[in-house]
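Structure, as structure tokens:
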Amino acid sequence: MTHRHALLVLAVGASLALSACKREPTPAPDGTAPGTTAGTTIPKDETADAFVARVNAELKAMYPELTAAQWLSNTYITDDSQLLAAKANEKFLSSLNDWIEQSKKFEGQQMSPETARAITLLKLGTAMPAPKDPAKLAELTRIATKMEGMYGAGSYCKTAGDAKSCRQLGELEDVLRSDRDYNDQLDAWQGWHTIAQPMRQDYRRFVELVNEGAKELGYADAGEMWRAGYDMSPAELSAETDRLWGQVKPLYEQLHCYARTKLEAQYPGKGSVDGLLPAHLMGNMWQQDWGNLWDILAPYSDQQAGGDLNVTAALERRYQSDLNARLSKENALIDTDRRVEVARDAQLEDAKAMTRQAEEFYTSLGMPKLPDSYWLKTQFIKPRDRDVVCHASAWDMNMDGDVRTKMCIKPNEEDFTTIYHELGHVYYYLAYNKLPPLFQTGAHDGFHEAIGDTIVLAMTPKYLQSIGLVGAQQPSHEALINSQMRMALAKVSFLPFGLMIDRWRWGVFDGSITPENYNKAWWELKARYQGVAPVAVRGEEFFDPGAKYHVPGNTPYTRYFLSHVLQFQFYKALCDAAGYQGPLYECTFAGNKVAGEKFWAMLSKGNSQPWQQTMKELTGGEQMDASAVLEYFAPLQDWLKQQNEGKTCGWQVPAAAPAQAPAKDGESAG
């Protein structure tokens with residue numbers, strides 16, 4: 001999925017746009033007001049409307065410099081690029097702090113609803129509230145950039161001192177994806193988690209600094225501030241996520257029970273950890289997407305189901321065919337260097353071809369083609385000559401149409417659907433670019449993540465057949481269950497993971513999870529929500545949260561849980577708009593301009609109004625609701641209950657083991 005884990009605007013600090021904290025403004029040497037561009041002064045009688053207009057103009061003017069620095073720090077990981085990113089981030093946060101201070105004079109004044117909303121978003125929109133102390137602000141940006149760089153450059157060397165034994169995340173993920181050897185998977189999983197150990201002390205300090213910034217804004221801690229950004233109170237947001245999880249938990253428990261049975265058959269005596277799923281056997285580094293276990297979890301064989309749904313195999317065949325054609329045109333005595341170049345050309349063209357297929361879905365709805373600059377500036381594959389952050393993300397570089405994605409695309413189904421997801425962000429950017437900058441974000445952050453995944457839901461077997469990635473499917477109960485399972489391994493498996501990361505961080509921020517218990521609490525939450533466990537004790541010498549990008553990258557994660565509910569609501573609404581009649585799970589609205597027009601209208605609203613209103617305009621209701629998830633997967637849930645009949649489903653969260661003291665700063669950690 002990488003789930004498909006995209007960044008909203010920037011890679012550092014989630015959406016850095018709209019950071020805030022108190023700071024006493026001081027005039028610049030040239031006499032301009034703080035937080036303003038050179039030559040700009042603040043009129044003494046400036047109205048709230050004029051203030052917001054000025055902030056929008058200054059934000060748009062400085063934004064390209066910030067995003068360029070962040071782009072470089074992600075696509076050329078060096079000490080120099082990290083320094084530039086940290087300094088750009090520091091400059092931006094300082095300006096935002098000044099804007100927040102300037103906005104206070106309008107408190108209690110009459111102003112238009114649009115202006116009031118813009119000022120509220122200015123105060124609430126940051127994931128990384130910075131302390132008012134300039135030295136601490138600079139320290140915060142250095143730590144944030146450093147941790148992300150550590151993640152992007154992370155590698156596991158099986159043999160110390162042997163560079164050839166070193167593997168980065170993509171290679172280790174390949175092991176989990178396709179190698180069914182128990183020990184190989186365990187080595188790859190444990191190996192990647194070593195890259196996070198050095199982050200522990202930096203993360204501890206990071207938490208102290210963002211909490212200080214949040215408190216200066218009037219919040220108890222950074223977690224409460226995160227929960228305040230949903231047009232509802234922090235407590236209401238917590239209760240809402242609990243309610244939605246309660247709706248879908250029974251479905252997840254049935255899928256968990258089925259997966260455990262299959263793994264216990266595949267790995268006798270090793271397929272579960274006292275009823276919990278072994279972390280390294282789920283085909284995914286974080287157990288958030290079980291789609292790579294299709295060979296183990298497929299309900300029926302292709303022959304039984306009357307059709308092949310192996311998209312990865314089709315993509316690999318297509319790539320290999322192109323590579324062979326390119327090689328056949330070369331001299332028979334082609335040397336190794338030239339062979340590598342030919343393979344790289346084939347990889348790049350294949351990645352672009354996968355992206356063009358995704359683009360065609362959006363344009364079939366009446367949306368515009370991607371700009372030419374997208375194809376020139378996007379990172380499609382992993383460069384050979386430098387470290388990059390391969391974590392998939394979408395980028396709006398200047399709030400005016402310079403859009404990009406950053407991936408290390410390989411020919412497999414996971415990356416293929418991730419492209420569709422990332423283009424959802426890109427088309428959201430393009431749709432709301434006409435709005436003032438402060439409104440250029442999703443109705444809430446879960447909306448942004450749901451757009452592309454709504455399209456993924458419409459990638460039915462019929463659609464995949466239409467683009468040549470699967471053969472003709474014979475309608476049957478077996479084919480239906482296979483199709484539903486394929487989608488559930490991506491969507492349903494993700495739901496508890498989408499909750500537990502921020503449940504951990506909320507506890508870290510509010511102090512209920514102390515630094516001495518970081519890892520213990522992480523695995524307790526994974527056991528409680530996901531029913532997942534490591535096969536060996538993971539003490540406090542480890543920092544396993546840091547092995548997931550969004551923790552060192554400081555990207556709030558509740559958005560992804562919410563998006564997995566919203567995308568089914570959006571999907572159902574678009575199927576209705578397209579005039580579709582039939583079971584929800586068979587709907588694809590590809591090519592339907594009416595559905596596309598309704599979708600584009602929603603995207604164009606950005607965050608210019610409360611999300612409840614935007615939701616109502618698309619779906620007819622103002623509440624997030626998981627009933628469409630249950631409607632979609634109803635056939636699979638019934639089938640799973642039959643398969644699990646007589647089995648003891650569910651799991652017990654193990655009693656916590658005593659925590660091991662973490663290594664002190666400066667010591668090696670394991």
Please find out if less than 6.0 Å separates the ring center of [X] from that of [Y].
X      : Y      : answer
His550 : Tyr560 : yes
His448 : His444 : no
Phe570 : Phe447 : yes
Phe439 : Tyr432 : no
Phe509 : Trp226 : yes

So does Asp242 have more than 12 non-hydrogen atoms from other groups sitting under 6.0 Å from CG?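 Atom CG in Asp242 is crowded, with more than 12 foreign heavy atoms closer than 6.0 Å.
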
Leu93 CG to Asp98 CG distance, which is reported to the nearest 0.5 Å: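 Separation between the atoms: 11.0 Å.
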
I would like to know whether Trp506 and Arg227 meet side-chain contact (heavy atoms from CB on, under 4.5 Å); could you show each step before the answer? CA-CA 9 Å; Trp506 295 350; Arg227 297 190 297 277; 3.2 Å; yes

Describe, in one word, how the ring planes of His391 and Tyr549 are oriented to each other, choosing from parallel (under 30°), tilted (30 to 60°) and perpendicular (over 60°).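 Aromatic pair His391/Tyr549 classed parallel.
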
Angle between ring planes, His421 versus His425, binned at 30° and 60°: parallel, tilted or perpendicular?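 Ring orientation of His421 relative to His425: perpendicular.
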
Of all heavy-atom pairs between [X] and [Y], which one has the smallest distance, and what is that distance?
X      : Y      : result
Phe561 : Phe494 : N-CE2, 4.1 Å
Ala392 : Thr418 : CB-CG2, 3.7 Å
Glu90  : Leu137 : CG-CD2, 3.2 Å

Kindly list each side-chain donor-acceptor pair under 3.5 angstrom involving residues 360-368, sequence neighbours excluded, with atom names and distances?
residue, atom, partner, partner atom, Å
Tyr362, OH, Tyr420, O, 2.6
Tyr362, OH, Gly424, N, 3.1
Thr363, OG1, Glu359, O, 3.3
Thr363, OG1, Glu360, O, 3.1
Ser364, OG, Phe361, O, 2.6
Ser364, OG, Gly591, N, 2.9

For Asp625 and Gln247, what are the C-alpha separation, side-chain angles and deciding distance, and is it a side-chain contact (heavy atoms from CB on, under 4.5 Å)? CA-CA 9 Å; Asp625 180 58; Gln247 285 185 276; 3.1 Å; yes

Is the NZ or CZ atom of Arg356 both under 6.0 Å from the centre of the six-membered ring of Trp375 and within 45° of that ring's axis?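 Verdict for Trp375: a cation-pi partner in Arg356.
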
